[in-house]
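Scroll down for the structure; my scribbles are underneath it.
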Amino acid sequence: MGDITLVEETFKRISSHKGILGIVVINADGIPIRTTLENNLTVQYAALASRLTAKARSAVKQLNKGDREDELATLRIRSKKHEIIINPAFEKGHEYQLIVVQNPSSE
Amino acid sequence: MEIYRQYAKQRRDFGRHPHFTDEGAEMLADIRPNEEHAKDHIHRNPVTTVTQVVQEMSEHEVNTNPVVFTSKVMHHVEGGWPKEVDYTEAEHVIRYRKKVEKDEEYIKAVAALGTSMEELVKANNAIDIYEEYFSGRNLDYSTEKPEARTIAGLTDPSNSKRGAQYVCWHPDGSSRLAVAHSILEFQKLQEGTSLSSYIWDVNNTTAPELELRPQSQLSSLNFNMKDGSLIGAGQYNGQFSFFDMRKGSSPVEATPIEHSHRDPIYDFAWLQSKTGTEAMTASTDGEVLWWDIRKLGEPTETLTLKERGGETVLGAVCMEYNPAAGPTKFMVGTESGSIISCNRKAKNPQDRVGAAYPGHHGPVYGLVRNPFYPKYFLSIGDWTARIWNEDLRTPIIISKYHSSYLTGGRWSPTRPAVFFSIRADGLLDIWDFFLKQNDPVLSLPVSDNPLTSFRIQENGRMAAVGARDGSTAILQLADSLVEMQPNEKQSLTSILERETSREKNLEKALKEAKIRARKEASKGSEDTKKDANEQEIKQLEDDFFKLTSS
């Protein structure tokens, strides 16, 4: 039996690491469920990331036509300042994505 | 009417060779002229007929339906919410989120994702996989062959054979280029020749971006430093005018002809000032005039180019103004071959025309200070390129005498040791003093016609070369000619300093030799004086002895 505190703990654990700027959880429709960012930014991340993930996922699927089992696991976007890590889960009916924005060069 | 003649032949003669014989004329029909028809006869005069030997061709044009573009705008609002949820109501949103968060699958998914995410975050913090190992290392191009490639050619759109006398890049480093077309030979301009000059975007060589339509041909063109859409222009008739690219093809204003130069403005420069509206123009009439485009009624200042202590007025063909060397200082290259350094704000008015650097045997077509060491400058004229130090009256470096005239040149803005010179035989010479001093590192045939103008873009990558036939070639330079080399500055300073001290020593030696010669000359005269004295004494002694002995 899962507990709501488990999510809480996960969030805490991730944000305890160095250089974490924000964590967002979105559902399949791109609705942010839980976020540590302010609302406007969250909506932006949610909208853009969900579309990007869908695109990446279809790319992976098309490239591995024979292999039905293959699935997009992680999407890492490195920019000059940040790294956006998108970790999607594609369980049927329960598609969620965990988005973490990290500044890897922070000291 | 039908005319026919019948003859009979036997069957057995069929197929035999015919045998022709001469016979008298035989009348078959007699057609008399018809008087009535003659009445209807009309002479057609003149008669137009067309004959054509070549194959006839025709031209057809088809115009397809134009594609119509429309702009559409979408206002994006937060989306993806279920229909029954109003995302603007905070309560709805919270309720919806609560519902999802209670979902066991959600908790499981997030927990699982969190674990793998943590690994990634940790990995990112542990090593920088994008670390650049070789940053800040200067690439060494010394083994690479210097290269330049023609990437575009611009031709005078007016189809007249007017030389591209002056080219100028836009100061913001974009691909915009102004080309002044004119015929500088006296009275060679034919009636009806276009007077226009053009502004191009070198990415689009098919059509100029803007046509400039002055009252007289343009002999020089320069973009304003402060406001990039203003273009100053020196005209063939001596007027100075300026254009505004936002306002179109005709000049905004021109100086009144009675206060302008009496010869073509061969060169001019925008001055560095707060407003950026001041310019100074130079012409072969020997005057330098200062203007402010806010009031072009008369020049703000004038200067006649007379050599110090002389009466000869020197005509200016090119001008060098570099704020780095001093905002009031400038240099002028003259028709007679000497270079004059001037100062606009000298203490005494006589001192405004300063030192003269004689040397060239013909007009000085190129005169530029080194962008890194403004004390040293390059001059181009007759068959040579020369490098001078401001403090010395003689050039410190002279190129070899070329087989054809040199018609212009410039330093590279990014590499202190590189300069370019253009030649009357259509070659562009690229010199790299870092590599070799006595020969150009690259001689590039650009045109079959004499080259007339040269400019290099501020970032040093693209160069424009104008030719006598009105074409302008755009060259792209290889990285080895653009990026500064390690130790380049030091090695160039040492070359320049060595040559300066050599020239100084030579000057000193010459002076000493002169002094010595003078001394010897005076010594020689003393000797003769001594002789004369001795003779006199001897004479006196003789006289004395004569008197005493008797």
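Reckoned from all heavy atoms, side chains included, excluding hydrogens, waters and symmetry mates. Lettering follows sequence order; numbering is per chain, from 1. Fair warning: this is a prediction, and the values are worked out from it, not measured in the lab.
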Are there over 12 heavy-atom neighbours, none belonging to [X], within less than 6.0 Å of that residue's [atom1]?
| X | atom1 | value |
| --- | --- | --- |
| B:K102 | NZ | no |
| B:R149 | CZ | no |
| A:E38 | CD | yes |
| B:E118 | CD | yes |

Could you measure the distance from the [atom1] atom of [X] to the [atom2] atom of [Y]? Nearest 0.5 Å is fine.
| X | Y | atom1 | atom2 | answer |
| --- | --- | --- | --- | --- |
| B:M117 | A:I86 | CE | CD1 | 8.5 Å |
| B:R97 | A:T35 | CZ | OG1 | 7.5 Å |
| B:L113 | A:T74 | CG | OG1 | 9.5 Å |
| B:E119 | A:I85 | CD | CD1 | 11.5 Å |
| B:Y106 | A:L6 | OH | CG | 10.5 Å |

>> Is the shortest side-chain heavy-atom distance between B:V100 and A:Y96 below 4.5 Å?
In response: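 In contact.
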>> Let's go through B:N125 and A:Q102 carefully: what are the C-alpha distance in whole Å and the side-chain angles of both, what is the deciding distance for side-chain contact (heavy atoms from CB on, under 4.5 Å) to 0.1 Å, and is it a yes or a no?
In response: CA-CA 9 Å; B:N125 281 337; A:Q102 186 189 11; 3.0 Å; yes
Pairs of heavy atoms under 4.5 Å with chain B: top-ranked of [options]:
| options | answer |
| --- | --- |
| A:I23, A:T10, A:I33, A:L98 | A:I33 |
| A:E83, A:R78, A:Q44 | A:R78 |
| A:A46, A:P88, A:S50, A:P32 | A:P32 |

>> I'd like to check the side-chain hydrogen bond (donor to acceptor under 3.5 Å, both in side chains) partners of B:R176; sequence neighbours left out, ordered by chain and number.
In response: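 For B:R176 the side-chain hydrogen bond (donor to acceptor under 3.5 Å, both in side chains) partners, ignoring immediate neighbours, are B:E209.
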>> If you apply the rule side-chain contact (heavy atoms from CB on, under 4.5 Å), what do you find for A:R76 with B:N124, and how did you get there?
In response: CA-CA 11 Å; A:R76 302 173 77 162; B:N124 261 349; 2.8 Å; yes
> Side chain, backbone, both or neither: which part of B:A109 has a non-hydrogen atom closer than 4.5 Å to chain A?
Replying inline: side chain
>> Between B:K98 and chain A, with a heavy-atom cut-off of 4.5 Å, which part of the residue counts as in contact: side chain, backbone, both or neither?
In response: neither
> For A:V25, is it the side chain, the backbone, both or neither that has a heavy atom under 4.5 Å from a heavy atom of chain B?
Replying inline: side chain
> Counting N and O atoms only, with roles assigned by atom type, does the side chain of A:R34 sit under 3.5 Å from a partner on the main chain of B:E101, one being a donor and the other an acceptor?
Replying inline: no
